[in-house]
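Worksheet for the structure shown next.
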Amino acid sequence: MTPAPTVVVVMGVSGSGKSTVGLLLAQRLMVPFLEADDVHPAANRAKMAAGRPLDEEDRRPWLLAIAEWIREATDTGRGGVVACSALRRTYRELFRGAGAGVWFLHLALDRATAGRRVAGRSDHFMPARLVDSQYAALEPLRSDEPGLTVDAVADPQTIVDRAVRAVRDTT
């Protein structure tokens with residue numbers, strides 16, 4: 001029998017509901033929650049707010065900081081939930097390498113809905129014009145990666161229920 005995942009990464013494009021679902025999931029699992037957007041350096045936030053997508057050099061320190069949080073969450077056994085785009089497989093591999101039992105919940109969403117959701121937000125640095133760049137970078141979760149893909153238009157509580165069942169089934 002394998003242990004339950006110690007860290008769940010709620011992934012997807014901007015507007016998919018990562019923060020909402022991630023916080024609900026962390027509360028349900030009674031583990032700490034990390035909003036990866038809060039880890040972005042000010043320069044990254046400013047670049048995105050100006051409508052310019054991040055490049056790999058911009059992302060590297062951010063991804064390493066998230067991986068360190070995952071490492072600490074798994075090393076201490078406290079676990080956690082991270083809301084992070086994790087768009088590329090290489091980013092997910094970095095996270096899996098940071099700790100045993102990392103599991104992904106991919107909130108899949110169509111481009112038009114993501115664009116509408118992001119355009120409707122007034123309290124976020126990510127402008128709607130960058131949604132296309134997220135889809136260009138997106139490498140959906142593959143069958144050989146531990147996790148679950150769900151339709152992000154579903155009710156967040158329904159998504160959390162499915163995720164909790166799937167996490168428990170991995171034990």
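These numbers were taken from a predicted model, which means no experiment stands behind them.
- Partner of V7 under the side chain to side chain contact (heavy atoms under 4.5 Å, CB included) criterion, chosen from V31, I70, V81: I70.
- Side-chain polar atoms of D161 and T158 form no donor-acceptor pair below 3.5 angstrom.
- A distance of 5.0 Å separates NE2 of H106 from CG of L138, quoted to the nearest 0.5 Å.
- The backbone N or O of R71 sits less than 3.5 Å from a side-chain atom of T74, completing a donor-acceptor pair.
- Between R162 and Q157, the side chains place no donor N or O within less than 3.5 Å of an acceptor N or O (distance only, hydrogens not considered).
- The line from SG of C84 to CZ of F104 is 9.0 Å long, rounded to the nearest 0.5 Å.
- By the neighbour-count criterion of 12 heavy atoms within 6.0 Å, atom CD of E57 is sparsely surrounded, having that number or fewer from other residues, nucleotides or ligands.
- The number of heavy atoms from other shown groups lying within 6.0 Å of CZ (R78) is above 12.
- Using a 4.5 Å heavy-atom threshold, the side chains of L107 and D151 count as separate.
- A distance of 6.0 Å separates NZ in K18 from OG in S85, rounded to the nearest 0.5 Å.
- The CG atom of N44 lies 9.0 Å from the CZ atom of R59; values are rounded to the nearest 0.5 Å.
- Legend: residues meeting ring pair (Phe, Tyr, Trp, His ring centres under 6.0 Å) with W69, ordered by chain and number and at least two apart, are absent.
- The backbone N or O of E72 lies less than 3.5 Å from a partner atom in the side chain of T76, making a donor-acceptor pair.
- Put simply, the side chain of Y135 never gets that close to the backbone of V13: no donor and acceptor are under 3.5 Å apart.
- Looking at E93 and R89, a side-chain N of the basic residue comes within less than 4.0 Å of a carboxylate O on the acidic one, giving a salt bridge.
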